[in-house]
Every structure is written in C-alpha cells, then in structure tokens.
Peer 1: 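Provided herewith is a single structure, encoded as structure tokens, for subsequent inquiry.
Below, each value reflects all heavy atoms present in this structure, side chains not excepted, and no hydrogens, waters or symmetry copies.
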Amino acid sequence: MLKEKIETVEKIEFIDLKTQQKRIKPQIDQAIAHVLKHGQYIFGPEVKNLEEALKTYTGAEHAITCANGTDALQLLLMAHNIGPGDAVLVPTFTFASTAEVVALEKATPIFVDVCPKTFNISIESVKEAIARNQHLNIKGIIAVDLYGLPANYPELEAIAKANGLWLIADAAQSFGGKIGSSTVGSLTQATTTSFFPSKPLSCYGDGGAILTNDANTATLLASLRNHGCGAHRYDHIHVGLNSRLDSLQAGILIEKLKIFDEERQQRERIAQFYSNALKGVVQTPTVPETYTHAWGLYTIVCPDQTRDTLVSHLQTHEIPCNIYYHKPLHLQPIYHHYPRAQNQLPIAEKLCKNILSLPMNPYLTDAQLEYIVYHVIDAFN
Ligand SMILES: *Cc1c(COP(=O)(O)O)cnc(C)c1O
C-alpha cells in the first residue's frame, strides 16, 4: 500500500543521526565520559583502538586517522611528494576536495569524465586524458567512489600500472563498500575516507582516515599528520600538518562501527525498495556484478527537464532531497582553467542537470519509503 498523506508517516530525515544516537546513547555517553576521565584529548588510547578496528574492518594493513577526509587526501599527496609541475587525474563529478588538494599542493588537476551508469571515473576518459596531456608530468589518479559505489579498481590499477602512475581511492562516501569479498580500504594501494556527519560511518564533527598496505607510506603519514615529527615529539623531520583525530571522535566512532554492518544492511533494504518501485520511472542506480554499494547516498537520474518539477513536488510533500552536485568541477570558475580529458566532459555535465538524491539512512521505515516513492511517481503523472 502506497502512502499518500504526510499525516500517516513520521517526519522524514534525509540523514537521520538522531535515531541512531537514541539507539546507542548509553554507549556514546560512556565513551565520552571515558575520555573526559583519562584526559588524553589528543592521541588518547581511543585513537589507536579505532585504527586497529579500522584495519580489522577493511583488511588494510595500516590505518592512520586524521582530522578530516580532505586532509587525508592532502597527506597522501604530500607522502607522494606531489608539487609544482606534477599533474593528477581526477573525476570532474565529485566533491571539491578531490581536486582542491591537488591545487593546494600547487600541482595540476586534470579533469576526467565519468560513466553514465555508475557515475564513477570513466576508463575511456582516463585514457583520453593521458593521451591528450603528454606534455604534463602526470603522476597519479584519484578515483572517487561516488555515492558509495566503489570505482572500477581492477581496470584503474591496470591503467595506472601501464603508465607508471599511483592510484588513490577517495572513499569518503563508500566506507563499507566492496568488490567481491574485498572491502573498501583494501581495493587499491591507498584509500582515504571521511567521518563527516553525513558520511556512512560518521562522528560528531570532522574526522578522516587513510588506509594502506604500504608500511613506509604509513610511517610517513603518521609523521606528516603530526607536524612531521620524528621519534621525539619535538624533532621535526618533515614539513607536515596538524591533522589529528580527537580522542573523543575516535571513541564515538568505535561505538558506531559496532552497529555499522547492521546499518549497511538496512541501507541495502532501502535501496532495493527504491529501485524496485522506481525502475522505469527514473534511472535507478546501477550496481555492477560482484560490487557492494555502501549506499552513502541513493541517487536517481531524472528524465531531461523534469528535475525541477520533481524537487518542488517533493518539497511540497515534506520529502527532503538534495543535488550532489549541481556543477561539475571543471565548470566551477576557480577550476575552469585546468586541463581536461576533452573540451567538454558531456556525461558529467548532463548528470549535474538530472541527478537527485532521495532520503537515505538506515532508519527509514517502510511507511516512509512507501510515502516517498508514491510522491516520486506522482510527480511524473
Ligand atoms: C566529503 C568528501 C570529501 C572530504 O571529506 P571531509 O571530511 O569533509 O574533508 C572528499 N571527497 C569526497 C568525494 C567527499 O564526499
């Protein structure tokens, strides 16, 4: 039975951190109280414990927490010694951080188009970008797992290897995703993630981490995130950042990680519900065979010229929805002058006009989902 009236359902949250908090409040309170008691606000035992838990969860050999997902990317670029004269391939259809960190390091981001079905970096466009920018010193690729779907790492690894490039996974939206039985964090050489409140695994503020199997990179990152310190706290052997994860946030994350798998299953249930109900009405997300989507966001593609109508219809019926992102990075004035795979990156340009993310959180009820799909379908009638 599809629900038509808002009175029949509880208020719908796009991302519902309140219900999650209610569920684990005693554990969160205890974790916070524990930090307040021992008083090691920076590099308290929670930080090490979380890093161990992240290693166990992802299968990566090393986990280095830091202040946020943007710093995680920047720290990796610093570890790879990226600077003026270097270039890095990045998808144009992503959050700004992915390209921002390259520009911050005074290197050149090269914008690459994405696949129309997976929304992730296009292998064809990567090849074009490499062929077209031979005059630049291309050093690496940052792939993004947009909305939570891992990028095509097997093919990206092959291209990276053939061209002598490193490959970084920007997994800010995909913690918990998989390809086959391998989990995000161990799908490629180095992975970054974010614990920003709206991400699949989130803390109560900013947080991030880097996952890698490379011991030397891990040691370097542990120094770079803490002012480039050496064995002694006041020996400085690198120019680094102040980018540490607070003990408080680590303690909160440890508790949230305990319910994370069950939450991911709920996200899966919701995604299945949406896709079954909306198939044929809009373009529903594609999940390639053997891939596990983290469902950080559930994003549909509207038929041309229909998104505005759908958005206002949903707003009228108090259904929150969001556009990630309304403009590809190569069309942002501040990034416009950087090189690209082609003059136009048509897939990303078109997606930005038509994509829309529906409410996605583990605590949506069947009644709420029925209400949402009723009104999505109704908007097209
Ligand atoms: C959120 C996000 C980041 C940045 O993470 P912060 O923790 O907010 O710095 C980077 N890349 C992508 C794709 C993101 O979605």
Peer 1: Could you state the interatomic distance from OG1 (T58) to CG (L211), rounded to the nearest 0.5 Å?
Peer 2: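 If we round to the nearest 0.5 Å, T58:OG1 and L211:CG are 4.5 Å apart.
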Peer 1: Indicate whether the side chain of D113 and that of S125 have a donor and an acceptor atom separated by less than 3.5 Å.
Peer 2: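 Absent: no donor and acceptor within the cut-off.
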Peer 1: Taking the side chain as C-beta and beyond, is there a heavy-atom pair between L364 and I12 under 4.5 Å?
Peer 2: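 Sidechains of I12 and L364: in contact.
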Peer 1: Calculate, to the nearest 0.5 Å, the distance between atoms CG and CG belonging to N152 and L187 respectively.
Peer 2: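 Atom-to-atom, N152:CG and L187:CG are 11.0 Å apart.
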Peer 1: So does Q40 have more than 12 non-hydrogen atoms from other groups sitting under 6.0 Å from CD?
Peer 2: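 Correct, the count exceeds 12.
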Peer 1: In Å, rounded to the nearest 0.5 Å, how long is the span from OH of Y363 to CG of L17?
Peer 2: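 Here the rounded value is 9.5 Å.
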Peer 1: Could you tell me whether I237 atom CD1 has more than 12 heavy atoms of other residues or ligands within 6.0 Å of it?
Peer 2: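 Enclosed.
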Peer 1: When you measure from the side chain of N276 to the backbone N and O of F273, does any donor-acceptor pair fall under 3.5 Å?
Peer 2: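 It does not hold such a pair.
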Peer 1: Which label fits H330 and F111: parallel for a plane angle under 30°, tilted from 30 to 60°, or perpendicular past 60°?
Peer 2: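 Rings of H330 and F111: tilted, 30 to 60°.
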Peer 1: Looking at E318 and K11, is there a salt bridge between them, counting it only when a charged N and a carboxylate O are closer than 4.0 Å?
Peer 2: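 Salt bridge between K11 and E318, a charged N being under 4.0 Å from a carboxylate O: no.
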Peer 1: Do Q74 and E105 pair up side chain to side chain, a donor and an acceptor below 3.5 Å, judged on atom types alone?
Peer 2: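 On atom types as modelled, these side chains qualify, holding a pair under 3.5 Å.
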Peer 1: Please find the pair of heavy atoms, one from T70 and one from S97, that lie closest to each other, and give the distance.
Peer 2: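 The answer is OG1-OG, 2.9 Å.
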Peer 1: Quick test of your reading of the model: are E262 and R23 salt-bridged, counting only N-O distances below 4.0 Å?
Peer 2: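 A salt bridge links E262 with R23.
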Peer 1: Identify whether F195 and L297 are in the same connected component of the hydrophobic contact network (ILVMFWY, side-chain heavy atoms under 4.5 Å).
Peer 2: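 Unlinked, F195 and L297 end up in two clusters.
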Peer 1: Contact between K106 and P84 at the side-chain level, heavy atoms closer than 4.5 Å - yes or no?
Peer 2: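 With C-beta onward as the side chain, the pair touches.
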Peer 1: Strictly below 4.0 Å, N to O, side chains only: are R269 and D366 in salt-bridge contact?
Peer 2: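 D366 and R269: salt-bridged.
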Peer 1: Could you check S243 against L75 for side chain to side chain contact (heavy atoms under 4.5 Å, CB included), going step by step and ending with a plain yes or no?
Peer 2: CA-CA 9 Å; S243 183; L75 286 162; 4.1 Å; yes
Peer 1: Linking I/L/V/M/F/W/Y whenever any side-chain heavy atoms sit under 4.5 Å apart, do F175 and I24 land together?
Peer 2: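 No; I24 is not reachable from F175 via cluster members.
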Peer 1: Using the six-membered ring wherever Trp is involved, compare the ring planes of H317 and Y371 and label them parallel, tilted or perpendicular (cut-offs 30° and 60°).
Peer 2: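 The rings of H317 and Y371 stand perpendicular, inter-plane angle above 60°.
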Peer 1: Looking only at side-chain N and O atoms, does T219 offer a donor or acceptor that is under 3.5 Å from a partner on N216?
Peer 2: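 No, no side-chain donor-acceptor contact under 3.5 Å.
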Peer 1: Identify, with sequence neighbours excluded, every residue that meets ring-ring contact (aromatic ring centres under 6.0 Å, His included) alongside F14.
Peer 2: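 Result, ring-ring contact (aromatic ring centres under 6.0 Å, His included) vs F14: none returned.
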Peer 1: Please check if the number of heavy atoms outside K353 that lie under 6.0 Å from its NZ is greater than 12.
Peer 2: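 12 or below, so no.
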Peer 1: Do I323 and W295 sit in one hydrophobic cluster, given that two such residues count as connected whenever their side-chain heavy atoms are within less than 4.5 Å of each other, even indirectly?
Peer 2: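 Linked within one cluster.
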Peer 1: So, Q189 and E157: side-chain donor and acceptor under 3.5 Å apart, yes or no?
Peer 2: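 Distance-only check passes for Q189 and E157.
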Peer 1: Roughly how far apart are L345 CG and E128 CD, rounded to 0.5 Å?
Peer 2: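 So the gap between those two atoms works out to 9.0 Å.
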Peer 1: Are the side chains of V102 and T108 in touch, meaning some heavy atoms are under 4.5 Å apart?
Peer 2: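 No, their side chains stay 4.5 Å or more apart.
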Peer 1: Does a side-chain heavy-atom distance below 4.5 Å link L351 with I355?
Peer 2: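 The answer is yes, as the side chains (C-beta and beyond) meet within the 4.5 Å cut-off.
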Peer 1: Would you mind checking if K350 and D304 are paired as a salt bridge, meaning a charged N to carboxylate O distance below 4.0 Å?
Peer 2: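 Salt bridge between D304 and K350, a charged N being under 4.0 Å from a carboxylate O: yes.
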Peer 1: So I82 and W166, side chain to side chain contact (heavy atoms under 4.5 Å, CB included) or not? Walk me through it.
Peer 2: CA-CA 11 Å; I82 291 305; W166 44 252; 3.6 Å; yes
Peer 1: Passes side chain to side chain contact (heavy atoms under 4.5 Å, CB included), K161 versus L165? Steps please.
Peer 2: CA-CA 6 Å; K161 200 163 169 221; L165 308 177; over 6 Å; no
Peer 1: Report the C-alpha distance between K18 and E13 in whole Å, list the side-chain angles of each, state the deciding distance to 0.1 Å, and finish with yes or no for salt bridge (Lys or Arg N to Asp or Glu O under 4.0 Å).
Peer 2: CA-CA 9 Å; K18 280 185 216 149; E13 302 280 343; 3.5 Å; yes
Peer 1: Between the main-chain N or O of P303 and the side-chain N or O of T306, is there a donor-acceptor pair closer than 3.5 Å?
Peer 2: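 Present.
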Peer 1: Hey, quick one: are I168 and L136 part of the same hydrophobic cluster, counting side-chain heavy atoms closer than 4.5 Å, chains of contacts allowed?
Peer 2: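 I168 and L136: separate clusters.
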Peer 1: Does a salt bridge link E268 with R264, judged by any charged N lying under 4.0 Å from a carboxylate O?
Peer 2: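 So E268 pairs with R264 through a salt bridge.
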Peer 1: Tell me, with the steps shown, if Y147 and Y324 meet ring pair (Phe, Tyr, Trp, His ring centres under 6.0 Å).
Peer 2: CA-CA 9 Å; Y147 308 140; Y324 305 100; 7.2 Å; no
Peer 1: For F93, give me all partners under ring-ring contact (aromatic ring centres under 6.0 Å, His included), at least two apart in sequence or on another chain.
Peer 2: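 F93: no ring-ring contact (aromatic ring centres under 6.0 Å, His included) contacts found.
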Peer 1: Please report the shortest heavy-atom distance between I142 and V88, naming the atom on each side.
Peer 2: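 So the two residues come closest at CG1-CG1, 3.8 Å.
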Peer 1: Can you find a heavy atom in the side chain of I377 that is under 4.5 Å from one in the side chain of H375?
Peer 2: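 Of all side-chain heavy-atom pairs linking H375 with I377, none is under 4.5 Å.
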Peer 1: Would you please say whether a donor-acceptor pair under 3.5 Å links the side chains of S357 and N322?
Peer 2: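 Checked: S357/N322 side chains show no N/O donor-acceptor pair below 3.5 Å.
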Peer 1: Please report the interatomic distance OG(S186) to NZ(K178), rounded to the nearest 0.5 Å.
Peer 2: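 Answer rounded to 0.5 Å: 10.0 Å.
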Peer 1: A side-chain contact here means heavy atoms from C-beta on lying under 4.5 Å apart; do M78 and L241 qualify?
Peer 2: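 Counting from C-beta outward, M78 and L241 do come under 4.5 Å.
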Peer 1: Do V282 and V301 have side-chain heavy atoms sitting under 4.5 Å apart?
Peer 2: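 With C-beta onward as the side chain, the pair stays apart.
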Peer 1: Give me the one residue out of Q249, Q20, K256 that meets side-chain hydrogen bond (donor to acceptor under 3.5 Å, both in side chains) with S202.
Peer 2: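 For S202, the side-chain hydrogen bond (donor to acceptor under 3.5 Å, both in side chains) test succeeds with only one of Q249, Q20, K256, which is K256.
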Peer 1: Are Y274 and P285 packed together at the side-chain level, in the sense that at least one heavy-atom pair is separated by less than 4.5 angstrom?
Peer 2: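 When only atoms from C-beta onward are counted, P285 and Y274 do not touch, as no gap falls below 4.5 Å.
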Peer 1: Decide whether V311 and F380 are clustered together by the hydrophobic rule: side chain heavy atoms of Ile, Leu, Val, Met, Phe, Trp, Tyr closer than 4.5 Å, transitively.
Peer 2: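 Linked within one cluster.
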Peer 1: In sequence, state the C-alpha distance, the side-chain angles, and the governing distance for V114 and L146, and then conclude on side chain to side chain contact (heavy atoms under 4.5 Å, CB included).
Peer 2: CA-CA 10 Å; V114 296; L146 204 71; over 6 Å; no
Peer 1: For the residue pair N213 and G59, what are the closest heavy atoms and their distance?
Peer 2: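 Heavy atoms of N213 and G59 come nearest at OD1-O, 4.3 Å.
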Peer 1: Assign the ring pair H227 / H236 to parallel, tilted or perpendicular, where the plane angle (0 to 90°) is split at 30° and 60°.
Peer 2: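 Perpendicular: the ring planes of H227 and H236 meet at over 60°.
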Peer 1: So which atom in I347 and which in C115 form the shortest heavy-atom distance, rounded to 0.1 Å?
Peer 2: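 Here I347 and C115 meet closest at CG2-C, 4.0 Å.
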Peer 1: Closest heavy-atom contact between Y291 and P154?
Peer 2: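 Looking at all heavy atoms of both residues, the closest pair is OH-CD, 4.2 Å.
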Peer 1: Drop me the distance from I210's CD1 to L54's CG, to the nearest 0.5 angstrom.
Peer 2: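 It comes to 11.5 Å.
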Peer 1: Kindly check if the number of other-residue, nucleotide or ligand heavy atoms within 6.0 Å of CD (Q332) is above 12?
Peer 2: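 For Q332, atom CD is crowded (more than 12 foreign heavy atoms under 6.0 Å).
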Peer 1: Identify the two heavy atoms, one from H293 and one from V287, that lie closest to each other, and give their separation to 0.1 Å.
Peer 2: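 Taking H293 first and V287 second, the nearest heavy atoms are CD2-CG2, 4.0 Å.
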Peer 1: Side chains of E51 and T65 only: does a donor on one sit below 3.5 Å from an acceptor on the other?
Peer 2: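 Their side chains do contain a donor-acceptor pair, which is all the 3.5 Å distance test asks for.
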Peer 1: List for me each residue that meets ring-ring contact (aromatic ring centres under 6.0 Å, His included) alongside H34, sequence neighbours excluded, and say none if there are none.
Peer 2: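 In terms of ring-ring contact (aromatic ring centres under 6.0 Å, His included), with neighbours along the sequence ignored, H34 is linked to H38.
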Peer 1: Would you say T94's side chain and V90's backbone share a donor-acceptor pair under 3.5 angstrom?
Peer 2: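 Not confirmed, T94 side chain does not pair with V90 backbone.
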Peer 1: Between N120 and Y153, is any side-chain donor less than 3.5 angstrom from a side-chain acceptor?
Peer 2: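 Side chains of N120 and Y153: no pair found under 3.5 Å.
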